Amino acid sequence: RRLRTARHGRTAAAHHAGRLCAVLTKLKEFLAAHLGADTPPVHSAHGRHLAAAALLIEVARADYGFDPREQLALQLALRRSFDLSEAEIDTLLALAEAEAREATSSYAFTRLINDEYSDEEKSQLLRAMWSVAFADGEVDRYEEHLIRKIAGLIYVPHQEFIRTKLMAGTEFEQNRD
């Protein structure tokens, strides 16, 4: 693999970034066809939405299952975070699922988050990840590990990692009663 990578001059990260751009282009084409030609550039809001959705899907799948409660939590998190219609959320999730399934790492997603998100938006994303992890009633060790890893990759301090976990856990307990 190293020889092939060196020979072609592309690293795995560059390959994943190229794949993300291709998916973003598909998303832009879909949105332009369904919303009109006045859609914003794909690297703005749509790319941000896709990266966040893909990371949320990764969290939902981290425990090797995709519980319907996690699916609902994922949709709710996207609805809370972004002003999208039901159809747009469905399309975003379909594209994000395809991209998450093909990705071999979270690098392309976390890189886009680092480039595009403020510290507050990163905290909101982390809280959404915790909400998805709590949705099935149990935070699996693989879910926690993945969220911890992503928090490090997007440069969220450990204190904020803990704060968002506690907030999401409290919210889950309040809504469960």
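None of these values were measured; they are calculated from a predicted model. What you see below is based on every heavy atom in this structure, not just the backbone, and it leaves out hydrogens, waters and symmetry mates.
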With a 4.0 Å cut-off on N to O distance, would you call [X] and [Y] a salt bridge?
| X | Y | answer |
| --- | --- | --- |
| R61 | E70 | no |
| R79 | E86 | yes |
| R101 | E58 | no |

Please round to the nearest 0.5 Å and tell me the distance separating atom [atom1] of [X] and atom [atom2] of [Y].
| X | Y | atom1 | atom2 | answer |
| --- | --- | --- | --- | --- |
| T170 | Q174 | OG1 | CD | 6.5 Å |
| E99 | L55 | CD | CG | 11.0 Å |
| M167 | S123 | CE | OG | 8.5 Å |
| E88 | L78 | CD | CG | 11.5 Å |
| D90 | S85 | CG | OG | 8.0 Å |
| R80 | R127 | CZ | CZ | 7.0 Å |

Side chains of residues 147-155: which donor-acceptor partners sit under 3.5 Å, not counting sequence neighbours?
{"unit_1": "R148", "atom_1": "NH2", "unit_2": "E144", "atom_2": "OE2", "d": "3.4"}

I'd like to know if the side chain of E121 and the backbone of S118 have a donor-acceptor N/O pair within less than 3.5 Å.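 Checked: pair present.
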Looking at R48 and E116, would you say the former's side chain and the latter's main chain have a donor-acceptor pair under 3.5 Å?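 Flag set: sc R48 to bb E116 pair under 3.5 Å.
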In terms of hydrophobic clustering (I, L, V, M, F, W, Y; side-chain heavy atoms under 4.5 Å; direct or indirect links), are [X] and [Y] co-clustered?
| X | Y | result |
| --- | --- | --- |
| L72 | F134 | no |
| M129 | F66 | yes |
| L76 | L93 | no |
| V139 | Y142 | no |

Of the non-hydrogen atoms in [X] and [Y], which two are nearest, and what is the gap between them?
| X | Y | result |
| --- | --- | --- |
| A54 | A100 | O-CB, 4.2 Å |
| N114 | K122 | OD1-NZ, 3.0 Å |
| E97 | I57 | CG-CD1, 3.3 Å |
| Y117 | A52 | OH-CB, 3.4 Å |
| L112 | A51 | CD2-CB, 4.0 Å |

Under 30°, 30 to 60°, or over 60°: which ring-plane class applies to H46 and H49, parallel, tilted or perpendicular?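 H46 and H49: perpendicular rings.
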Could you give me the CA-CA distance, side-chain angles and deciding distance for V156 and T164, then say whether side chain to side chain contact (heavy atoms under 4.5 Å, CB included) is met? CA-CA 10 Å; V156 172; T164 57; over 6 Å; no
Any side-chain heavy-atom pair from S131 and E171 closer than 4.5 angstrom?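 Result yes, sub-4.5 Å side-chain heavy-atom pair found.
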Are F109 and L50 side-chain neighbours, meaning at least one heavy-atom pair lies under 4.5 Å?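 They are not in contact (no side-chain heavy atoms under 4.5 Å apart), so the answer is no.
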Might you work through the side chain to side chain contact (heavy atoms under 4.5 Å, CB included) test for F161 and H158, ending with a clear yes or no? CA-CA 5 Å; F161 167 83; H158 184 71; 3.8 Å; yes
